[in-house]
Amino acid sequence: MTAALALGTYRVRAVNQAARTALAAGAPWVDTAPNYAHGLAHQELASVLAAHPSVRVTTKTGFLTTAQGRAAVEANVLTPDQAGVGHSLAPAFVRWQTEQSLKVLGRADLVFVHNPEQAASGHDPTRLHDLLRGAFAVLEEFAQAGRIGGYGVATWSGLSSGALTVAELLGLAEQAAGSASHHFSGLQLPVSLVMAEPIAKALHGGGPLVEASDARVITFASAPLHGGELLGLMTPELVDLIRPGLSAPAAALLAVASCPGLDVVLLSASTPNHWHDAERAVAVPLERDRLRSVIDALAAG
């Protein structure tokens, strides 16, 4: 099976309409964050999610808009200097921001700590681990109280840079919970033919996707088409190697969705045609040998 296609709302302009389209097409997840859509993504999603009680929802904590920063200062959870940074994992802020998210969205199956590497200057591992442990402790309280389904980490470079490992994240969750019965249950990272290292490692039975999957952590691929950089990469020869007859975006999406250990691919499609095209593209996964040939061809190029 390929990974499930779900709605990612980063850089989506009309979030409400995109969500209606995705959920009508059967998308099982919606991924968002308080700072998306200039801080309005949650409000845009609220009515759609209320009309689709079975869809699963992920949001994040960490980044904040200028307006959210002013509100956090007024709530005495950040100082003006802290708010001016635009990102915080201070426990009081994580608690406040998660409360705000739940108030607007109505629910959250997962709350990701958003790009934690952003909060630790100089990649100080001790500092980063301390911040994550504190954030996890707050989210563990929400999970134990049944207010969120679980929590995790959504990172752009934390895993690829070596600042974080899946084993470290699981260990920090155990420490935050005080036992092995923690609620760390989601991991989001970029996976694409531009950022293909997670695929290459998974095909060899290792890397963050396989490690997370083995720990029963739900894995999410962000930026599967990687914006404009993908266009120059997807030559006709590479598309044909993946599967003849597909468009370049469809071929790239199929390669990502076929990655071992990957559960969910976040797609920012906003029209029914885009969703149906994507669904048709990933309906039949690539065989591992074919996917390995694609990754080898990228490495050789």
Side-chain angles (χ1 to χ4, degrees), residues 1-15 17-32 52 55-56 58 154 187-203 207 209-210 213 218-299 301:
M1 293 180 62
T2 53
L5 296 181
L7 177 66
T9 57
Y10 181 56
R11 292 183 176 174
V12 171
R13 294 180 181 177
V15 173
Q17 184 56 50
R20 292 183 185 280
T21 299
L23 300 188
W29 289 88
V30 171
D31 176 77
T32 188
H52 293 83
V55 72
R56 305 182 76 182
T58 73
L187 183 67
Q188 185 180 133
L189 66 155
V191 184
S192 69
L193 292 184
V194 175
M195 302 180 76
E197 185 177 1
I199 304 176
K201 289 183 175 180
L203 287 168
L209 294 174
V210 171
S213 182
I218 304 168
T219 54
F220 297 76
S222 61
L225 300 181
H226 207 81
E229 287 187 42
L230 191 67
L231 297 178
L233 180 70
M234 298 303 295
T235 63
E237 293 78 14
L238 183 60
V239 171
D240 284 347
L241 179 60
I242 294 170
R243 182 166 293 160
L246 292 180
S247 67
L253 187 63
L254 173 59
V256 172
S258 301
C259 179
L262 184 60
D263 297 310
V264 181
V265 177
L266 299 176
L267 189 63
S268 297
S270 56
T271 70
N273 284 342
H274 287 159
W275 273 102
H276 296 321
D277 287 347
E279 288 173 336
R280 285 193 293 268
V282 305
V284 179
L286 295 180
E287 296 179 353
R288 287 202 182 194
D289 287 346
R290 176 60 62 93
L291 183 56
R292 191 173 289 111
S293 296
V294 172
I295 300 303
D296 289 345
L298 289 172

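All values below come from the heavy atoms of this structure, side chains included, with hydrogens, waters and symmetry mates left out.
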Nearest heavy-atom neighbours spanning [X] and [Y]:
| X | Y | value |
| --- | --- | --- |
| V239 | A248 | CG2-CA, 3.9 Å |
| P28 | V55 | O-CG2, 3.4 Å |
| I242 | R290 | O-NH1, 3.7 Å |
| V282 | T2 | O-OG1, 2.8 Å |
| A221 | V191 | CB-CB, 3.7 Å |

Checklist outcome for this item: Contacts of D277 meeting side-chain hydrogen bond (donor to acceptor under 3.5 Å, both in side chains) (sequence neighbours excluded), chain-then-number -> R280
Checklist entry - What residues form a side-chain hydrogen bond (donor to acceptor under 3.5 Å, both in side chains) with S247, not counting sequence neighbours? => result none
Checklist entry - Is a side-chain N or O of T271 found less than 3.5 angstrom from the main chain of H274, in a donor-acceptor match? => result yes
Checklist entry - Judged by atom type as modelled, is there a donor-acceptor pair below 3.5 Å linking the side chain of S192 to the main-chain atoms of H226? => result no
Checklist entry - Rounded to the nearest 0.5 Å, how far does CG of L253 lie from CG of L246? => result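 One gets 10.0 Å once the value is rounded to the nearest 0.5 Å.
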Checklist entry - Distance from L7 atom CG to S270 atom OG, nearest 0.5 Å? => result 9.5 Å
Next on the checklist: Between L189 and L209, is there a side-chain heavy-atom distance shorter than 4.5 Å?
Outcome noted: yes
Checklist entry - Does any non-hydrogen side-chain atom of R292 lie less than 4.5 Å from one of D289? => result yes
Cut-off 3.5 Å, no hydrogens considered: what does the side-chain donor-acceptor table look like for residues 255-269, sequence neighbours left out?
from, atom 1, to, atom 2, distance (Å)
S258, OG, L254, O, 2.8
S258, OG, L286, N, 3.0
D263, OD2, T219, N, 2.9
D263, OD2, T219, OG1, 3.2
S268, OG, G8, O, 3.0

Item to check | salt bridge (Lys or Arg N to Asp or Glu O under 4.0 Å) contacts in which one or both residues fall within residues 235-256, not counting sequence neighbours | outcome: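 Output for this query is empty, none listed.
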What donor-acceptor contacts under 3.5 angstrom involve side-chain atoms of residues 193-201, with partners at least two apart or in another chain?
from, atom 1, to, atom 2, distance (Å)
E197, OE2, K201, NZ, 3.0

Checklist entry - How would you list all residue pairs meeting side-chain hydrogen bond (donor to acceptor under 3.5 Å, both in side chains) that involve residues 20-31, not counting sequence neighbours? => result N16-R20, Q17-T21, D31-T58, D31-K60, D31-Q188
